[in-house]
Asks: 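A single structure is presented below for examination.
Atoms within each ligand, like the ligands themselves, are counted from 1 in listed order.
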Amino acid sequence: MQSIAERLMHNPVFTRVYTGIWRPLFTRGFSLGGTETLDYDRALRAYLGRPGERQVLDVACGPGNYAVDASRGLTGDGRYIGLDFSASMLAEAQRLLSTGSRSGTGSRSGPWVFVRGDAHALPFGDDTFDTVTCLAALYLIPDPLAALDEMVRVTRPGGELIVFTSVRASVAALPGADLVTGLSGLKIFGRRELLDRLDALGLTQIEQTITGVGQYVHARKPSAGEPS
Ligand SMILES: C[S@@+](CC[C@H](N)C(=O)[O-])C[C@H]1O[C@@H](n2cnc3c(N)ncnc32)[C@H](O)[C@@H]1O
């Protein structure tokens, strides 16, 4: 049976309010009303927009929240590929990008491509992408560690993986927290759960930044010949 959260992601009314209302509130909620998540998010957008000829894969991209930022600095054959399994989220991404309202610059075209697919079985070859992101989505994916393995598989040696998801904080231990997460279908990760998995997969430079009940994880896949 689909969880409440999964059902919402396929609901066209929800996808229309996601970008302007839901995501900003949710981002703030991760810092329990503080600004740490928002601050990190701004820095991340700037980082994703740095110049370079990169192949970027955004897993569970939703309505393309990061498409413009991650495309801004792309040069040459650089591409942003957004993957999601919700047709209504992808339709909303196309709508926002084609009207130019997403970019705020009126620009209607960019080096972005959207693909419908499942994070558990990414339709790409091994070692393909320079940057793989999965933002505000891993906690919704039924088998998140299998999806993480897939993201590592498609990251090229020397490439990076960036994840933003939930993390167990003291508030998550409060009575009722398990009921809320159980009903909504959102998973809360243990503090070391993702780090240990990435370490076991041989990733290096694994950094975790906790912003309340959210965590950003940044890791690199070692280049050929580099010790893992
Ligand atoms: C909360 S939205 C996040 C969207 C965007 N990354 C952001 O930061 O705003 C979560 C997205 O994960 C997608 N999703 C959930 N499970 C998925 C799966 N197994 N494969 C691909 N996408 C999935 C949903 O359709 C939804 O668009």
Asks: Quick one: list whatever passes side-chain hydrogen bond (donor to acceptor under 3.5 Å, both in side chains) with N11, sequence neighbours left out.
Replies: none
Asks: Using side chain to side chain contact (heavy atoms under 4.5 Å, CB included) as the criterion, list what pairs up with D199, not counting sequence neighbours.
Replies: I206
Asks: For the hydrophobic clusters of this structure (ILVMFWY residues joined by side-chain heavy atoms under 4.5 Å, transitively), does one cluster hold both L32 and L186?
Replies: yes
Asks: My understanding is that only residues two or more places apart in sequence, or in another chain, count here; which of them pass ring pair (Phe, Tyr, Trp, His ring centres under 6.0 Å) with F164?
Replies: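 F164 satisfies ring pair (Phe, Tyr, Trp, His ring centres under 6.0 Å) with F30, Y216 once adjacent residues are dropped.
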Asks: Taking only heavy atoms of the protein into account, state which residues are under 4.0 angstrom from an atom of ligand 1, in chain and number order.
Replies: M9, Y18, R23, A60, C61, G62, N65, Y66, D84, F85, S86, M89, G117, D118, A119, H120, L135, A136, A137, L140, I141
Asks: Would a line drawn from the ring center of F124 to the ring center of F129 be shorter than 6.0 Å?
Replies: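 Yes.
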Asks: Hey, what do you get for CD (Q208) to CG (L195), rounding to the nearest 0.5 Å?
Replies: 4.5 Å
